[in-house]
Asks: 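Got a structure for you, questions after.
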Amino acid sequence: MNRSEPPSAIKRLGQNFLIDPNIVRKILAAAELSAHDSVLEIGPGRGILTESLCHTSGRVTAIEIDPRLHTYLLERHAGVPNLTLVLGDAMTYPLESLPIGTVVVANLPYYISTPLLFRLLDHRDRFPRLVLMLQDEVADRLIAKPGSRDYGVLSVLAQYVADTAKAFKVSANCFRPRPEVGSAVVVLRIKKERELSPEDEPALTQLVKAAFAHRRKTLVNSLRDEGYDPQSALGVLRTLELAPTIRAETLPVSQFITLSRRVRLPHCHPE
Ligand code: SAM
């Protein structure tokens, strides 16, 4: 049978195709899939991962935004019974239509890796784990600990919902075309129990973003500039035995949780 040539890469869609089968094996090992698992793949591209995912799991849904690649995959994977190829944008695809327990395995398009990550984390109750290739610099932010240069909004919010680990780094030589940045595979295991109720979680997100909004300022001043009551923030810092001049980048996730429970936006509490 004649097979068509794979479409050429479009840079603006983050098309850096994996070409190293050894990396595919390592991603699959990190994903720990079984024949009962449903998998979501974002951006199957030319299908190097997709094929192996279909062999090692029960069902694969692969969402590709590029119609050329979608058509290429439809032809190449015609007759694979456990694969659903979707032509669409992963930023708008209804993730709630996927079965609960779906494992996400993807070599993400880097130009939207952070918003995609936040979107996946917003649907965390559906995904027990996410195994993602992304920029090494984003991987470092996901695993960063308080006090490190990389620690910020992404670190706190991801580590609140998941245990995060960098599985391995991937050289730019493993892709065609070569990406301009280093890559790494991360594993995010979603926590079964979280400290806040779902109703209180938006307050944590809002507070963490406000805390890091002005990185050169103290935590209290950054919160004040974002509309929080500085006196109540100072009161919480006192009870935590923290200096009033502390900066957001030194606070562990547990202390952000305490702050979000006790420091309210003034307009939330009209007195
Ligand atoms: N999985 C393939 C591999 O490992 O070789 C391709 C990975 S490539 C880094 C990212 C893929 O995501 C490309 O195929 C690109 O067309 C696709 N993509 C880009 N933006 C997307 C979006 N918003 N929704 C779904 N797919 C997208």
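Both ligands and their constituent atoms are indexed starting at 1 by order of listing.
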Asks: Indicate yes or no: at least one non-hydrogen side-chain atom of Asn107 is less than 4.5 angstrom from one of Phe175.
Replies: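 Touching, per the 4.5 Å side-chain cut-off.
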Asks: What is the nearest protein non-hydrogen atom to atom 24 (N) of ligand 1, stated with its residue, atom name and distance?
Replies: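 It is Ala90 N, 2.9 Å.
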Asks: Are Leu259 and Leu251 close enough that some pair of their side-chain heavy atoms sits under 4.5 Å apart?
Replies: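 Side chain of Leu259 against side chain of Leu251, heavy atoms only: contact under 4.5 Å found.
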Asks: May I ask you to say whether Arg194 pairs ionically with Asp125, meaning some side-chain N is under 4.0 Å from a carboxylate O?
Replies: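 Judged by the 4.0 Å cut-off on N to carboxylate O distance, Arg194 and Asp125 do form a salt bridge.
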Asks: Is the closest side-chain heavy-atom distance between Leu130 and Leu121 below 4.5 Å?
Replies: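 Yes, close enough: below the 4.5 Å cut-off.
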Asks: Could you pull out, from Leu69, Ile65, Leu116, the option with a heavy atom nearest to atom 18 (N) of ligand 1?
Replies: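 Closest candidate by heavy-atom distance is Ile65.
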Asks: Under the ring-ring contact (aromatic ring centres under 6.0 Å, His included) rule, what pairs show up with a residue in residues 27-70, not counting sequence neighbours?
Replies: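 Of all non-adjacent pairs touching residues 27-70, none passes ring-ring contact (aromatic ring centres under 6.0 Å, His included).
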Asks: Nearest heavy atom to atom 16 (O) of ligand 1 wins, so pick from Met133, His70, Arg176, Glu64.
Replies: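 Minimum heavy-atom distance to atom 16 (O) of ligand 1 goes to Glu64.
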Asks: Which ILVMFWY residues can you reach from Phe17 by hopping between side chains whose heavy atoms are under 4.5 Å apart?
Replies: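 Joined to Phe17, directly or through intermediates: Leu69.
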Asks: In the protein, which heavy atom is nearest to atom 9 (C) of ligand 1, and how far is it?
Replies: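 Nearest protein contact, heavy atoms only, for atom 9 (C) of ligand 1 is Gly14 O, 3.2 Å.
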Asks: Quick one: does Thr50 get within less than 4.0 Å of ligand 1, heavy atoms only?
Replies: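 The answer is no, since Thr50 has no heavy atom less than 4.0 Å from ligand 1.
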Asks: What atoms in ligand 1 come closer than 4.0 Å to a heavy atom of Gly88?
Replies: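 Taking each heavy atom of Gly88 in turn, ligand 1 has 24 (N), 25 (C) under 4.0 Å.
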Asks: Within a distance under 4.0 Å of any heavy atom of Ile48, pick out the atoms of ligand 1 and give their elements.
Replies: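 Numbered from 1, ligand 1 contributes 3 (C), 4 (O), 5 (O).
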Asks: Counting from 1, what ligand 1 atoms have a heavy atom of Leu108 closer than 4.0 Å?
Replies: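 Answer, ordered by atom number: 9 (C).
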Asks: Considering all heavy atoms of both residues, which atom of Asp150 and which atom of Ser155 are nearest to each other, and what is their separation?
Replies: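 Closest pair (atom of Asp150, atom of Ser155, distance): O-OG, 3.4 Å.
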Asks: For atom 4 (O) of ligand 1, what's the nearest protein heavy-atom neighbour? Residue, atom name and distance, please.
Replies: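 Atom 4 (O) of ligand 1 sits closest to the protein heavy atom Asn107 ND2, 2.8 Å.
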Asks: Should Glu226 and Lys217 count as an ion pair when the cut-off is N to O under 4.0 Å?
Replies: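 No, Glu226 and Lys217 are not salt-bridged.
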Asks: Provide the closest heavy-atom pair for Leu134 versus Ser113 in the form atom of the first, atom of the second, distance.
Replies: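 It is CB-CB, 4.4 Å.
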Asks: Given that the side chain starts at C-beta and the backbone is N, CA, C, O, which of these parts of Glu41 lies under 4.0 Å from ligand 1, counting heavy atoms, or is it both or neither?
Replies: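 Near ligand 1, Glu41 shows its side chain, while the N, CA, C and O stay back.
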Asks: At what distance is the nearest protein heavy atom to atom 23 (N) of ligand 1, and which residue and atom is it?
Replies: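 Here the closest protein heavy atom is Asp89 OD1, 2.8 Å.
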Asks: Within the structure, is a non-hydrogen atom of Ala106 found at a distance of less than 4.0 Å from ligand 1?
Replies: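 Not so, Ala106 does not reach ligand 1.
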Asks: Just to confirm my output: which protein heavy-atom neighbour is closest to atom 20 (N) of ligand 1, and how far is it?
Replies: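 Heavy-atom neighbour on the protein nearest atom 20 (N) of ligand 1: Tyr111 OH, 2.8 Å.
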Asks: Is there a path of hydrophobic side-chain contacts, each under 4.5 Å between heavy atoms of I, L, V, M, F, W or Y residues, that connects Ile27 with Ile143?
Replies: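 Hydrophobic grouping puts Ile27 apart from Ile143.
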Asks: Which of the numbered atoms in ligand 1 are under 4.0 angstrom from any heavy atom belonging to Phe17?
Replies: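 What qualifies from ligand 1 is 5 (O), 6 (C).
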Asks: Against heavy atoms of Pro44, which atoms of ligand 1 measure under 4.0 Å?
Replies: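 Those qualifying, in numeric order: 1 (N), 2 (C).
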Asks: To which protein heavy atom is atom 19 (C) of ligand 1 closest, and what is the distance rounded to 0.1 Å?
Replies: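 Answer, as residue, atom name and distance: Leu13 O, 3.2 Å.
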Asks: I need the nearest protein heavy-atom contact for atom 6 (C) of ligand 1: residue, atom name and distance, please.
Replies: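 Here the nearest protein heavy atom works out to Gly43 O, 3.3 Å.
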Asks: When the ring planes of Tyr151 and Phe256 are compared, do they come out parallel, tilted or perpendicular, using 30° and 60° as the limits?
Replies: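 Plane angle between 30° and 60°, so tilted.
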Asks: Write out the residue and atom name of the closest protein heavy atom to atom 5 (O) of ligand 1, then the distance separating them to 0.1 Å.
Replies: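 Atom 5 (O) of ligand 1 sits closest to the protein heavy atom Leu18 N, 2.8 Å.
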Asks: Go through ligand 1 atom by atom and flag the ones less than 4.0 Å from a non-hydrogen atom of Ile63.
Replies: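 Counting atoms of ligand 1 from 1, those under 4.0 Å from Ile63 are 25 (C), 26 (N).
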Asks: Please could you name the atoms of ligand 1 that Ile112 approaches to less than 4.0 Å, counting only its heavy atoms?
Replies: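 Contacts of ligand 1 toward Ile112, numbered from 1: 23 (N).
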Asks: Indicate yes or no: does Asp136 engage Lys166 in a salt bridge with an N to O separation below 4.0 Å.
Replies: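 Looking at Asp136 and Lys166, the cut-off is met.
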Asks: Please identify which atoms of ligand 1 are closer than 4.0 Å to at least one heavy atom of Gln15.
Replies: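 What qualifies from ligand 1 is 13 (C), 15 (C), 16 (O).
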Asks: Quick one, Arg46 and Tyr72 - any side-chain contact, counting heavy atoms below 4.5 Å?
Replies: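 Heavy-atom side-chain distance check passes, below 4.5 Å.
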